[in-house]
Protein chains: 2
Amino acid sequence: MPYLSIREAAEDVHSGMATPTELVVEALDRIDLLDGEIQAFITVLREQAYAEAEKAETEQRTGLYRSPLHGVPIAVKDIIAVKDVRTTAGSQVLADHVSLEDAMVVEQLRKAGAIIIGKTNTHEFAYGTYTPPTRNPWDLTRIPGGSSGGSAAALAANMCLGAIGSDTGGSIRIPAACCGVTGLKPTYGRVSCYGVIPLSWSLDHVGPLGRSAEDCAILFDAIAGYDPRDPNSVSGPPSRSAALLISGPEGREPLSLQGLKIGLPQDSFIGPLDPEVRQAWRAALLVLKEEGAEVVEDIELPRPAFEMYRTIQGPEASLAHMQKGWLSEKLDLYTQRTREHLLAGQRIPAVDYLRAQHERRLFSSAVRLALQRVDVLFLPTLPMPAIPIAQIDREILIEGMTKNATVALLSLTMPFNLAGLPACSFPGGFTADGLPIGLQVVGKAFEEATVLRIAHAYQQLTDWHHREISQGGMSSGEG
Amino acid sequence: MPYLSIREAAEDVHSGMATPTELVVEALDRIDLLDGEIQAFITVLREQAYAEAEKAETEQRTGLYRSPLHGVPIAVKDIIAVKDVRTTAGSQVLADHVSLEDAMVVEQLRKAGAIIIGKTNTHEFAYGTYTPPTRNPWDLTRIPGGSSGGSAAALAANMCLGAIGSDTGGSIRIPAACCGVTGLKPTYGRVSCYGVIPLSWSLDHVGPLGRSAEDCAILFDAIAGYDPRDPNSVSGPPSRSAALLISGPEGREPLSLQGLKIGLPQDSFIGPLDPEVRQAWRAALLVLKEEGAEVVEDIELPRPAFEMYRTIQGPEASLAHMQKGWLSEKLDLYTQRTREHLLAGQRIPAVDYLRAQHERRLFSSAVRLALQRVDVLFLPTLPMPAIPIAQIDREILIEGMTKNATVALLSLTMPFNLAGLPACSFPGGFTADGLPIGLQVVGKAFEEATVLRIAHAYQQLTDWHHREISQGGMSSGEG
């Protein structure tokens with residue numbers, strides 16, 4: 001049976017073709033079958049999921065059908081609080097840390113009827129791009145990306161129907177690209193971070209991963225909204241319409257992109273690209289053009305220095321850990337790499353931090369200016385496909401240029417955390433070796449619907465997002 | 001002849017009883033007579049003021065009467081740019097620095113018809129509370145307060161009819177209190193800082209000083225408003241009505257304060273007070289009560305640590321000077337005290353800065369919570385009257401407690417820079433030695449009109465704000 005989308009599962013549940021319990025059983029079976037190798041989950045909520053499925057069925061029998069998420073198994077990244085469940089943040093520091101209440105996004109998922117199937121692995125405290133020990137379902141020797149690597153891998157291996165991640169420098173989009181799923185980083189402040197362990201408050205975003213843009217829209221509609229408990233929450237225009245906006249009246253017709261202007265950042269912003277990634281990007285552009293989109297080449301965009309990002313993120317992360325007392329009381333429980341990052345962040349002078357925030361503001365203004373000429377920017381999510389686990393923290397070669405692997409992984413996603421703009425990564429093809437390639441649409445503030453609409457139109461015309469892994473960790477044809 | 005208020009001068013100009021040139025002549029005569037001793041001005045714009053007066057008269061003859069500021073001589077602090085005039089910031093670093101355009105507030109003053117009579121002395125780069133070498137017109141051995149000491153002293157000595165200052169930790173209200181004039185720090189972002197040399201961007205406010213609350217309202221109406229050139233500018237409700245709001249239909253009748261709730265911060269917030277200051281505060285309270293205000297005692301308010309203020313202000317100030325290149329190129333031209341402050345600010349770690357900003361946010365929330373119970377807070381501006389110049393940077397004794405003089409001067413004003421709320425200091429009596437005592441009203445965001453209305457009602461019922469200096473620097477009776 002091909003992997004269900006949330007949309008399809010919702011139709012099945014609504015019509016009685018499938019029950020929530022059946023969806024939970026399927027997800028748990030897949031976990032039992034594959035997660036020993038993939039290691040996407042830190043905690044599987046087996047008993048709770050069955051109980052929630054039963055509750056969803058009872059509700060449905062009494063006429064309460066909550067939303068397209070009713071009875072649908074969703075995984076959440078293990079930096080997000082679920083009441084009475086461990087939130088480990090993928091760290092020994094929090095190995096026994098049980099959350100006392102749900103995060104805002106979990107509250108919202110429950111209101112929408114979703115079933116929390118488990119907590120997925122994250123790079124330790126979301127501070128990294130490769131999420132050990134999780135492996136990429138498409139090739140077990142490769143990284144799933146990070147830091148929401150468990151969420152993306154679980155979804156790619158069909159161990160859940162949707163997932164929630166967080167994105168500080170690309171942590172939703174990088175694993176989405178590596179694992180061949182769709183991920184949305186919303187506008188800054190649009191989804192509450194209440195109950196989510198912070199990495200870097202001025203850059204953190206919470207958002208959905210789904211099999212398709214449509215599934216991301218369904219999840220986004222459920223979790224977006226103003227929350228006074230998050231000091232950075234913003235009240236923008238309501239998001240309830242995203243799922244409708246991206247679909248035609250029948251929900252299945254490709255939408256015309258007539259009138260939409262799609263901008264391509266100039267080469268100096270993009271930097272070196274793996275040839276297969278470049279090819280996929282250009283091929284996808286032709287698809288969007290055929291649907292009526294107007295393409296504007298060579299959009300001028302300054303490239304923010306990685307140092308700017310690190311100078312903002314470093315002290316914000318260190319302070320969060322200092323305030324919890326972890327850095328003083330549990331220093332030896334961190335992995336060496338995280339410990340070194342957090343200690344380095346403590347030493348950054350305030351004037352450097354403020355200068356970086358000032359430069360960030362100039363960069364954000366430049367992006368917003370560019371977005372006055374076009375509706376969205378369109379670019380690859382990563383300069384290369386998922387790298388082998390052996391290449392982590394090494395220098396890698398892209399188009400003849402040597403790059404630090406972490407810097408390369410973040411280079412095309414991190415700028416839009418700095419700018420706080422909505423960005424969606426979706427599968428735009430595969431390499432000859434069968435590795436997924438991620439493409440990225442970036443929109444204006446609060447224009448999540450436009451971003452998703454473009455990804456959705458592309459997905460109505462292609463079927464990369466339907467391709468499935470084989471159980472051995474290899475692609476199993478075109479779905 | 002008693003000192004004119006802007007309101008009175010406006011009536012005279014409008015009716016033809018006085019001409020702008022006559023107002024300019026009077027101001028320049030006072031400057032010639034007194035400023036040798038008081039040293040309130042860095043630059044007197046003699047020729048320009050005459051030319052502007054002539055222009056104002058020509059406009060009036062052709063039927064163009066711009067506003068109550070038409071033809072009225074106003075002084076501006078010398079960190080505020082006036083086109084083709086030096087902006088020295090009271091520092092050797094900028095001794096020859098000529099501005100190429102007007103600051104936003106100067107543009108606005110000109111549109112309202114005001115005449116810029118000169119640039120007033122400031123504590124070097126607004127980084128201090130006593131403004132050397134300016135002396136207090138009420139007692140030449142005492143400080144005028146700072147950093148807008150020149151503006152307040154010029155006004156107190158009737159060398160101008162109104163003035164513009166800036167306030168990062170109290171720099172409008174401290175000199176207003178020391179010099180017996182009225183000063184308004186508006187809501188953060190309400191008056192543009194474009195063209196004003198920054199001290200500390202997250203704490204800086206530009207605002208008016210006047211002989212009365214009414215005069216402050218006239219000036220505030222002229223200078224408030226959104227300005228896209230200032231990244232921290234905010235667009236709040238329009239301010240044009242402040243001058244109307246504070247006056248009755250005839251503009252002269254005391255307004256009833258019936259229905260207004262005035263909160264007094266609890267002792268732990270206020271700290272030790274000079275007995276004469278405490279007495280003046282309590283006496284003023286009786287006046288407000290008689291006008292119908294309801295008084296709520298013991299409003300709970302945490303007291304922000306001076307260290308929190310310094311940890312925010314320090315690196316912001318240092319970075320501003322680094323970005324201009326002054327700190328690297330002209331280090332030896334700063335006074336020793338400013339140089340030491342700026343170098344110390346460079347060494348503050350980002351985590352300390354971020355922690356202070358976090359604590360600031362908690363404090364701001366507490367103030368806003370307190371302001372849900374009452375309309376305004378009412379407290380002294382300073383714990384003591386203007387201190388002798390000899391006591392600068394020394395320990396002083398207040399109600400048996402030893403305090404650093406600078407910390408004491410900032411203690412009751414700085415909290416409302418942290419909170420970004422509108423605050424007005426107005427004269428509330430005199431000590432037995434004839435020194436003015438400042439009282440302070442603090443309001444909700446964008447409620448400048450309420451704050452000014454209370455000060456105005458008080459001033460309609462008392463005449464402390466009419467008391468004048470004698471030429472020797474002594475009070476000359478009750479005006």
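Chain letters run A, B, ... following the sequence lines, proteins first and then strands; every chain starts at 1. No experiment lies behind these values; they were computed from the predicted model shown.
Among B/Ile348, B/Thr311, B/Asp352, B/Val351, the residue with the largest count of heavy-atom pairs under 4.5 Å with chain A is B/Val351. With chain A as the partner, the residue from B/Ser365, B/Gly345, B/Pro231 showing the most heavy-atom pairs under 4.5 Å is B/Pro231.
In terms of the ring-ring contact (aromatic ring centres under 6.0 Å, His included) criterion, A/Tyr353 has no residue partners (sequence neighbours excluded). The ring-ring contact (aromatic ring centres under 6.0 Å, His included) check on A/Trp201 picks up nothing, with sequence neighbours excluded. With sequence neighbours excluded, the residues satisfying side-chain contact (heavy atoms from CB on, under 4.5 Å) with A/Arg229 are A/Met104, A/Glu107, A/Tyr194, A/Asp227.
Counting non-hydrogen atoms of neighbouring residues, nucleotides and ligands closer than 6.0 angstrom, the CD atom of A/Glu300 reaches no more than 12 such neighbours. Annotation for B/Gln92: atom CD does not count as buried by contact number, only 12 or fewer foreign heavy atoms lying within 6.0 Å. Annotation: A/Arg373, atom CZ; neighbour count of heavy atoms from other residues, nucleotides and ligands within 6.0 Å does not exceed 12.
With a threshold of 4.5 angstrom between heavy atoms, A/Arg347 does not approach chain B through any atom at all.
Remark: B/Leu354 CG to A/Ile312 CD1 distance equals 10.5 Å, nearest 0.5 Å.
A pairwise comparison of heavy atoms in A/Pro349 and B/Gln346 identifies CB-O, 3.9 Å as the closest pair.
Taking 4.5 Å as the heavy-atom cut-off, the residues of residues 317-331 of chain B that approach chain A are B/Ser318, B/Leu319, B/Met322, B/Gln323, ordered by number.
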